[in-house]
Amino acid sequence: MSILQTLKDRFRPVLVDLVGTEDAEKALDLIRPAQDARFGDYQANMAMPLKKQLRKPPREIASEIIGRLNLDDLCEPPEVAGPGFINLRLRESVLADRLNAAAGDSRLGVAPVSQSRSYLVDYSAPNVAKPMHVGHIRSTVIGDALCRVLRFLGHQVTSDNHLGDWGTQFGMILYGYKHFLDTDAYAKDPLGELARLYRHVRSLMDNDEAIAKAVLAETAQLHAGDSENRRLWQEFIPVCLAEIDRMYGRLGVHFDHTLGESYYHDRLPGLVDELIASGLARRSEGALAVFLDGQETPMLVQKQDGAFLYATTDLATVRYRMETFHPDAILYVVDHRQSLHFKHLFAVARMLGYNNVELTHVSFGTVLGDDGRPFRTREGDIVGLESLLDEAVRRAGEVVAANDESKPGGPELSPEERQRIAETVGIGALKYADLAQNRTSDYVFSFDKMLAMNGNTGTYMQYAYARIRSIFRKGGVDPASLRGSGAAIQLETPEERALGLQLLQFGEALDQVVVDYRPNQLTSYLFDLAGRFTTFYEKHSVLKAEPDSLRQSRLLLCDLTAETIKQGLSLLGIDVVEQM
RNA sequence: GUCCCCGUAGCUCAAUUGGAUAGAGCGUCGGCCUCCGGAGCCGAAGGUUACAGGUUCGAAUCCUGUCGGGGAUACCA
């Protein structure tokens with residue numbers, strides 16, 4: 001159980017006694033890690049808001065709470081400060097005991113949640129007919145990290161990649177295939193040729209209404225079951241899937257299910273009939289619309305020409321997921337421009353009776369270029385995901401090479417090792433840069449920033465990890481046997497104490513991630529952890545520490561730090577390297 | 001027009017969801033290498049949190065208004 005949870009359990013009976021069960025829970029939420037180490041390790045802030053209810057000065061309330069608490073085994077005597085803050089400082093022995101338990105635990109002292117929930121996470125969802133690009137990074141990386149954190153905490157997670165495999169983009173490719181196909185190019189590189197056709201038709205549509213209409217007609221024929229279009233679709237899909245699978249392989253992302261829009265196609269007519277029958281949907285301006293209270297625009301579920309829309313598919317998808325997976329929550333990791341769509345979707349889902357499920361749009365901002373506009377190449381094209389990964393790896397290679405050259409004992413890595421490390425560091429840096437952002441903000445993309453060895457970057461975190469591992473190599477110490485040796489962590493200095501406390505708060509950081517589905521809570525934690533480690537490491541010798549018990553204690557602290565960094569990065573979908 | 005998001009150090013971003021003196025990195029300035037990886041560490045300067053009101057013990061955070069930026073807004077997804 002986390003320190004925070006332990007403290008809450010101690011406060012609970014006192015607060016229940018004071019203000020009743022319901023208000024006590026609210027008050028317990030006001031126990032927090034201290035914002036400033038001068039105030040101790042944790043602080044309880046409930047005395048101030050309870051002023052009105054209890055009709056006493058907050059400081060008096062704080063004193064009364066302290067008087068009824070028995071925290072002697074956990075904390076130094078609590079202090080009341082300022083307007084009524086209760087400052088708590090943990091006993092060194094408590095920290096040491098918990099650290100020793102964590103050091104020997106594969107979960108690093110993080111207990112699984114007591115109440116496991118079932119999550120369905122919908123993320124990535126590229127349109128498969130066109131190459132993946134920079135716009136897919138955020139959904140893919142954030143969704144993957146959320147799945148990993150939720151699973152680690154003991155929740156049941158189903159990931160589903162809701163591919164765009166049935167939309168207008170296929171009409172474009174079908175039209176292009178029929179009019180502009182380069183047969184030789186298609187034979188040699190089907191994907192490249194399909195991508196070319198997509199771009200070509202895309203540009204034609206903008207200036208030629210007749211072509212735009214013809215493209216929609218191709219799409220409609222595909223949906224209507226036209227045998228030629230279906231055959232071509234069957235031919236295109238494996239090509240497209242092979243490509244995105246290659247990308248996911250490189251990113252280390254895996255889905256439990258890949259049920260694209262096409263999967264739901266047969267379910268749409270029945271769903272729409274039901275919406276009409278139940279009176280939820282009605283004709284408006286030739287289309288079929290569901291009107292919502294307080295909403296200016298309705299949600300359209302069928303076009304004038306009879307074609308269905310993505311709202312229709314999304315509704316069918318909600319129903320399928322509810323019937324198949326029975327989730328407690330469905331998370332949609334989709335950019336913020338679609339917030340109105342999800343507002344509509346969730347409202348209609350409630351009207352269909354899906355009231356016992358959390359429906360959350362985990363929205364995120366746009367990746368911008370230096371100019372503050374959405375990130376593009378110099379030529380103004382959308383940046384392809386593959387070239388983005390290649391460039392990140394290439395630049396990581398330069399960083400790794402320069403770093404290796406400057407090692408005190410000379411270079412240690414072969415060209416092959418450098419290449420392998422560059423792949424891990426480059427892709428890790430790319431992911432980390434995205435996850436370290438508050439997901440709701442737009443952010444400015446910069447290779448230089450993401451690969452910097454300073455600051456809150458993936459490269460810095462991987463470097464911190466490699467440095468710790470290097471201590472063990474240099475000292476000839478095997479971490480596994482150290483853990484089993486019976487050696488114990490002791491907290492001799494302020495730096496060790498600060499590091500130790502941070503290590504024990506790993507689980508609390510993960511809890512923070514889940515509260516609002518914000519992976520940057522974890523990157524912040526890891527950056528802070530690395531900072532406390534380097535402060536400790538600069539000031540105190542590890543390998544040369546005496547007596548031997550102190551040396552062992554510090555080695556254990558190093559090891560637990562490394563393991564926590566490794567586990568934390570792993571929960572972000574990022575690998576570590578032992579040397580770099 | 002309406003709705004949503006945003007505006008924080010010169011730059012890029014945080015801020016435990018209403019808590020104490022708003023923090024990091026980059027950049028600037030000043031210290032620290034006989035020593036476990038110096039691409040490091042320690043310190044300083046830099047802020048009226050766009051602006052004006054309000055709510056309360058307490059506001060970057062909540063409410064109202066103004067200004068500025070972005071997004072969405074009926075048959076793309």
Problem set entry | A/Asp314/A/Tyr332 under side-chain hydrogen bond (donor to acceptor under 3.5 Å, both in side chains): CA gap, chis, key distance, verdict | CA-CA 11 Å; A/Asp314 276 4; A/Tyr332 294 85; over 6 Å; no
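- Both A/Ser406 and A/Phe536 sit near RNA chain B, but only A/Phe536 has its closest nucleotide nearer the 5' end.
- In this structure, the nucleotide among B/C57, B/A77, B/G37 sitting nearest to the side chain of A/Lys51 is B/C57.
- At the heavy-atom level, A/Arg283 lies nowhere under 4.0 Å from the strands shown.
- Salt bridge annotation for A/Asp23-A/Lys26: present, with a cationic side-chain nitrogen under 4.0 angstrom from a carboxylate oxygen.
- In this model, the phosphate group of B/G37 is not approached by any side-chain N or O of A/Lys407 to a distance below 4.0 Å at OP1 or OP2.
- For A/Gln43 against B/A20, a side-chain-to-base donor-acceptor contact under 3.5 Å is present.
- Here B/G71 is the nucleotide among B/G71, B/A72, B/C57 with the atom lying nearest to any side-chain atom of A/His336.
- Taking the nucleotide of RNA chain B with the nearest heavy atom to each of A/Gln169 and A/Ala34, the more 5' of the two is matched to A/Ala34.
- Nearest to the side chain of A/Phe85, among B/C76, B/G70, B/A20, sits B/A20.
- Remark: the A/Glu412 side chain and the B/G37 base include no donor-acceptor N/O pair separated by less than 3.5 Å.
- When the C1' atom is compared between B/G30 and B/A22, the two are found 25 Å apart, to the nearest whole Å.
- Residue A/Ser284 places a side-chain atom within donor-acceptor reach of the base of B/A74, judged by atom type and a 3.5 Å distance cut-off alone.
- The closest side-chain donor-acceptor pair between A/Tyr432 and A/Gln437, if any, does not fall under 3.5 angstrom.
- Proximity note for A/Pro33 (side chain, C-beta onward) versus B/U16, B/G38, B/C41: the nearest is B/U16.
- Nucleotides B/G19 and B/U56 are separated by 13 Å at their C1' atoms, to the nearest Å.
- Relative ring orientation between A/His223 and A/His265 is described as tilted, the plane-to-plane angle lying within the 30° to 60° band.
- Residue A/Ser524 places none of its side-chain N or O atoms closer than 4.0 Å to OP1 or OP2 of B/A24.
- Between the side chains of A/Tyr465 and A/Glu578, at least one donor N or O sits under 3.5 Å from an acceptor N or O.
- Base contact: A/His540 has a heavy atom under 4.0 Å from a base atom.
- A/Ala81 comes within 4.0 angstrom of a base, heavy atoms only.
- Nearest to the side chain of A/Phe527, among B/A24, B/U56, B/U17, sits B/A24.
- Side chain of A/Glu296, nearest nucleotide from B/G1, B/A74, B/G37: B/G1.
- For B/U17, the base is syn relative to its sugar; the glycosidic angle is within 90° of 0.
- Among the heavy atoms of the strands lying under 4.0 Å from A/Asp516 is at least one base atom, whether or not backbone atoms are also near.
- Under 4.0 angstrom from either OP1 or OP2 of B/G37 there lies at least one side-chain N or O belonging to A/Ser470.
- In this model, no donor atom of one side chain and acceptor atom of the other lie less than 3.5 Å apart for A/Ser446 and A/Asp448.
- Here A/Val444 lies in heavy-atom contact (under 4.0 Å) with sugar-phosphate atoms only.
- For B/A45, there is no paired nucleotide, since no Watson-Crick or G-U wobble pair has both relevant distances below 3.5 Å.
- B/C41 and B/G7 have their P atoms separated by 29 Å, given to the nearest Å.
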For this session: Give the C-alpha distance, both sets of side-chain angles, the deciding distance and a yes or no for side-chain hydrogen bond (donor to acceptor under 3.5 Å, both in side chains) between A/Glu261 and A/His162.
Result: CA-CA 6 Å; A/Glu261 293 172 331; A/His162 191 67; 4.9 Å; no
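- The side chain of A/Ser541 places no N or O atom within less than 4.0 Å of a non-bridging phosphate oxygen (OP1 or OP2) of B/C36.
- Contacts of A/Leu543 with the nucleic acid, taken as non-hydrogen atoms under 4.0 Å apart, include base atoms.
- Looking at heavy-atom distances under 4.0 Å, A/Met580 makes contact with a base.
- Comparing B/U55 with B/C3, their P atoms sit 25 Å apart, to the nearest whole Å.
- Remark: the separation of the C1' atoms in B/A45 and B/G23 is 16 Å, to the nearest Å.
- Here B/A72 sits opposite B/U2 as a Watson-Crick or G-U wobble pair (both hydrogen-bonding atom distances under 3.5 Å).
- Residue A/Lys343 has no polar side-chain atom (N or O) positioned under 4.0 Å from OP1 or OP2 of B/C4.
- Look at A/Glu546 and A/Arg551 and you find no salt bridge, because none of the NZ, NE, NH1 or NH2 atoms lies under 4.0 Å from a carboxylate O.
- The base of B/G18 lies outside donor-acceptor range of the side chain of A/Asn45, with no N or O pair under 3.5 Å.
- Look at A/Asn456 and you won't find any side-chain N or O under 4.0 angstrom from OP1 or OP2 of B/C13.
- Among the protein residues, A/Ala402 comes within range of the nucleic acid bases, having at least one heavy atom under 4.0 Å from a base atom.
- One finds a side-chain N or O of A/Arg32 lying less than 4.0 angstrom from the OP1 or OP2 phosphate oxygen of B/G19.
- The side chain of A/Ser441 places an N or O atom within less than 4.0 Å of a non-bridging phosphate oxygen (OP1 or OP2) of B/A14.
- Contacts of A/Asp305 with the nucleic acid, taken as non-hydrogen atoms under 4.0 Å apart, are absent.
- Between B/G65 and B/C26, the distance separating the two C1' atoms is 37 Å to the nearest Å.
- Note on A/Pro57: nothing from the nucleic acid sits closer than 4.0 angstrom, heavy atoms only.
- B/G25: Watson-Crick or G-U partner is B/C11, with both key distances under 3.5 Å.
- Here the nucleotide nearest the side chain of A/Leu300, chosen from B/G71, B/G37, B/A74, is B/A74.
- When heavy atoms are screened at a 4.0 angstrom cut-off, A/Glu508 is found touching no nucleic acid atom at all.
- Here, B/C62 and B/G46 have their C1' atoms 30 Å apart, quoted to the whole Å.
- In this entry the base of B/C33 is syn relative to its sugar, with a glycosidic angle within 90° of 0.
- Between A/Phe447 and A/Phe445, the ring planes lie perpendicular to each other; the angle is over 60°, past the 30° to 60° tilted range.
- Rounded to a whole angstrom, the distance from the C1' atom of B/C57 to that of B/U64 is 23 Å.
- Centre separation under 5.5 Å together with a plane angle under 30° holds for the ring of A/Tyr537 and the six-membered base ring of B/C36, marking them as stacked.
- Residue A/Asn87 places a side-chain atom within donor-acceptor reach of the base of B/A20, judged by atom type and a 3.5 Å distance cut-off alone.
- Of the listed nucleotides (B/G37, B/A20, B/U17), B/G37 has the atom at the smallest distance from the side chain of A/Arg467.
- Nucleic acid contact class of A/Val301 (heavy atoms, under 4.0 Å, all strands): none.
- Put simply, the side chain of A/Gln35 and the base of B/U16 share a donor and an acceptor less than 3.5 Å apart.
- Of the candidates B/C41, B/A20, B/G71, the closest approach to any side-chain atom of A/Arg337 belongs to B/G71.
- Side-chain contact of A/Thr493 with A/Glu496: a donor-acceptor pair under 3.5 Å is present, judged by distance alone.
- The nucleotide B/A52 finds its pairing partner in B/U64, both defining distances of the Watson-Crick or G-U wobble pair being shorter than 3.5 Å.
- With B/G37, B/U17, B/C13 as the candidates, the nucleotide lying closest to the side chain of A/Arg518 is B/U17.
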